[in-house]
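Structure first, commentary second.
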Amino acid sequence: MTPLARVFVVKIAATVLFWAGPLLLVPEQLLAAAGLCGKAVPLVRLLGCAYTALCIGYGFGLREVYSGRRPMGAIAVGIVSNAGAGAYLTYFGVTDGWVGWPLVVTVAAWASAAATLGIAFGLYWFGLRDVTGSGSRTATGSVRRTVR
């Protein structure tokens, strides 16, 4: 498995287990215990659907990697999504946006900030770097030399 494929697998698994699944399936009582009021539940469920859709896109990207192609769409979407989420989570953390939230939610938010920034970096490092140079990396990690 290539490093880029590993990034996609980790991203899909973590998103399904820690975000999409819980946001879609956790009972309203547990959401309320985590600090989300009943009026926010429809938005929480919609967010779970959006995360599921992202996972489907990452799955198509993973298929492209296994086919030996660079999945530029999935890489770009993943970088924007994860870097944006990581930046916002970090911002909320350093500006005391989670004051008064249960400790488990605060820990999960900081862990998510670190994970999403790590995923964005992994997608950049293994997916985009050296694309326009004299030797562009293929999806399998080998270096393709351009003859001039």
ILVMFWY cluster, [X] and [Y] together (side-chain gap under 4.5 Å):
X      : Y      : value
Trp101 : Val107 : no
Leu117 : Leu123 : no
Val105 : Val99  : no
Tyr88  : Trp110 : yes
Phe8   : Leu17  : yes

What's the separation between atom [atom1] in [X] and atom [atom2] in [Y], rounded to the nearest 0.5 Å?
X      : Y      : atom1 : atom2 : result
Asp96  : Thr106 : CG    : OG1   : 10.0 Å
Tyr66  : Thr2   : OH    : OG1   : 7.0 Å
Ile75  : Tyr124 : CD1   : OH    : 12.0 Å
Phe126 : Arg6   : CZ    : CZ    : 8.0 Å
Leu24  : Trp19  : CG    : CH2   : 12.5 Å

Ignoring hydrogens, what is the shortest heavy-atom contact between [X] and [Y]? Give both atom names and the distance.
X     : Y      : result
Cys55 : Val16  : SG-CG2, 3.9 Å
Arg45 : Leu23  : NH1-O, 2.8 Å
Ala83 : Ala120 : N-CB, 3.6 Å
Gly59 : Ile12  : N-CD1, 3.7 Å
Glu64 : Pro71  : CB-CB, 3.7 Å
Gly61 : Ala74  : CA-CB, 3.7 Å

Tyr91: which residues meet the ring pair (Phe, Tyr, Trp, His ring centres under 6.0 Å) condition with it, sequence neighbours left out?
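If we apply the ring pair (Phe, Tyr, Trp, His ring centres under 6.0 Å) test to Tyr91, skipping adjacent residues, there are no hits.
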
Sequence-distant partners of Ser81, side chain to side chain donor-acceptor pair (under 3.5 Å), two or more places apart:
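Side chain to side chain donor-acceptor pair (under 3.5 Å) list for Ser81, sorted by chain: empty.
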
Side chain to side chain donor-acceptor pair (under 3.5 Å) partners for Thr15, two or more places apart
Lys11

Clusters formed by hydrophobic residues whose side-chain heavy atoms approach within less than 4.5 Å: which one holds Leu43, and what are its other members?
Leu46

For Phe60, check side-chain contact (heavy atoms from CB on, under 4.5 Å) against everything at least two apart and list the hits.
Ile56, Arg63

Pairs flagged by side-chain hydrogen bond (donor to acceptor under 3.5 Å, both in side chains) wherever residues 51-62 is involved - sequence neighbours left out:
Tyr58-Asn82

